[in-house]
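Naming: A, B, ... by sequence-line order, numbering from 1 per chain.
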Number of protein chains: 2
Amino acid sequence: MNMKPTDSEMEILQVLWKKGQCSVREVYECLDSKAVGYTTILKLMQIMLDKKMVDRDTSAKTHIYKALINEEQTQHNFLDKMIDTVYNGSTSRLVMQALGNNRTSKEELNAIKQYLENLENS
Amino acid sequence: MNMKPTDSEMEILQVLWKKGQCSVREVYECLDSKAVGYTTILKLMQIMLDKKMVDRDTSAKTHIYKALINEEQTQHNFLDKMIDTVYNGSTSRLVMQALGNNRTSKEELNAIKQYLENLENS
DNA sequence: TTGATATTACGAAAAGCTTCGTAGATTTGA
DNA sequence: TCAAATCTACGAAGCTTTTCGTAATATCAA
């Protein structure tokens with residue numbers, strides 16, 4: 001069950017994870033920055049249904065979709081793959097680059113330090 | 001010039017980055033775990049030449065390839081994209097998941113702590 | 001020299017991703 | 001009621017990625 005959603009699928013999953021339940025139109029509206037047609041989103045979500053990435057309730061005319069795959073698990077899959085294929089297996093290298101990109105706020109840095117302390121004491 | 005190498009291209013780039021200069025056969029031999037034909041690697045590297053990801057010296061019969069795109073820069077591109085599309089922009093979330101995967105050795109953790117200290121004092 | 005080996009070039013097939021148009025069904029509201 | 005709006009299903013086109021076979025050329029060794 002080691003899913004690897006495509007970029008487009010990830011965009012849709014992000015919406016489903018955030019909202020929990022969604023019609024195609026709701027997803028479409030959340031993504032309108034992408035300037036892609038309604039039926040494109042529909043088709044993608046139907047394909048995701050085939051792949052069992054999502055499930056849907058078809059009791060009403062407007063089908064309601066929800067994610068079948070877990071957000072954290074999916075993030076982990078991506079991360080592990082990235083560490084292998086992009087960072088040659090070095091987690092620390094990835095972490096340092098992530099922290100060095102100047103996009104991390106003081107609050108985030110503190111949270112990470114806290115996390116490291118806890119990791120140490122376990 | 002914001003390249004996004006494919007998975008196969010990344011495998012080849014890993015070899016080129018590690019070795020510096022390579023014939024197609026050398027790359028092929030480094031990747032034989034993948035059980036893919038010689039001409040497949042050749043074709044991929046020719047495509048990468050088109051895309052200007054690599055350059056080559058054709059003065060001898062056996063062409064010698066080298067990466068044109070930078071390893072760190074490429075890692076950064078992947079990382080930034082991943083933080084956006086997979087982690088909704090939260091660097092700290094990515095970092096904590098990376099550290100929590102139990103693949104990180106004590107040495108790596110110490111290096112990261114050191115790195116955080118230095119980041120603080122600058 | 002000449003046959004075996006190594007190399008490149010190139011076309012093309014297969015698979016997957018993204019996109020949209022159109023047809024048909026359902027709902028809604030004037 | 002019935003026309004407009006909404007929704008699903010589905011096919012298909014265009015693109016990229018991955019794969020390999022074959023032909024042509026170059027090198028090497030006996």
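- The distance from atom OH of A:Tyr65 to atom C1' of D:dA9 is 10 Å, rounded to the nearest whole Å.
- Across the protein-nucleic acid pair, A:Leu44 atom CG and C:dG16 atom C1' stand 12 Å apart, rounded to whole Å.
- Counted by atom type alone, A:Asp57 and A:Ser59 present one or more donor-acceptor pairs between their side chains at under 3.5 Å.
- In this structure, B:Thr58 and A:Gly37 both approach DNA chain C, and ranking their closest nucleotides by distance from the 5' end singles out B:Thr58.
- Looking at B:Thr6, B:Leu68, B:Val54, B:Ile69 one by one, the single match for side chain to side chain contact (heavy atoms under 4.5 Å, CB included) with B:Met48 turns out to be B:Val54.
- One interatomic measurement links the two molecules: NZ of B:Lys4 to C1' of D:dT16, which rounds to 13 Å at whole-angstrom precision.
- B:Arg25 has no side-chain polar atom (N or O) that falls below the 4.0 Å cut-off from OP1 or OP2 of C:dA6.
- Distances from the side chain of B:Lys61 to the nucleotides C:dT7, C:dT19, C:dA9 place C:dT7 closest.
- Of the side-chain N and O atoms in B:Thr40, one or more sit less than 4.0 angstrom from OP1 or OP2 of D:dC20.
- Atoms OH (B:Tyr28) and C1' (D:dC20) sit 12 Å apart, rounded to a whole Å.
- Of the listed nucleotides (C:dT8, D:dT18, D:dA9), C:dT8 has the atom at the smallest distance from the side chain of B:His63.
- If you chain together hydrophobic residues whose side chains sit under 4.5 Å apart, A:Ile64 and A:Val15 never meet in one group.
- A close approach under 4.0 Å does not occur between any side-chain nitrogen or oxygen of A:Gln46 and OP1 or OP2 of D:dC10.
- Using a 4.0 Å heavy-atom distance criterion, A:Thr39 is classed as a base contact.
- Regarding contacts with the backbone of D:dT8, a side-chain N or O of A:Tyr38 is found under 4.0 angstrom from either OP1 or OP2.
- Using a 4.0 Å cut-off between a side-chain N of Lys or Arg and a carboxylate O of Asp or Glu, B:Glu72 and A:Arg93 qualify as a salt bridge.
- Looking at heavy-atom distances under 4.0 Å, B:Glu9 makes no contact with the nucleic acid at all.
- Atom P of nucleotide D:dG21 and atom CD1 of B:Ile41 are separated by 14 Å, given to the nearest angstrom.
- In the set C:dT19, D:dT8, D:dT19, the nucleotide with an atom closest to the side chain of B:Val36 is D:dT19.
- In this structure, the nucleotide among D:dT18, C:dT18, C:dG11 sitting nearest to the side chain of B:Lys43 is C:dG11.
- Side-chain atoms of B:Thr62 lie closest to C:dT7 of the nucleotides C:dC20, C:dT7, D:dT18.
- Taking CD1 from A:Ile41 and CD from A:Glu11, the interatomic distance works out to 7.5 Å, rounded to the nearest 0.5 Å.
- The side chain of A:Lys51 places an N or O atom within less than 4.0 Å of a non-bridging phosphate oxygen (OP1 or OP2) of C:dC17.
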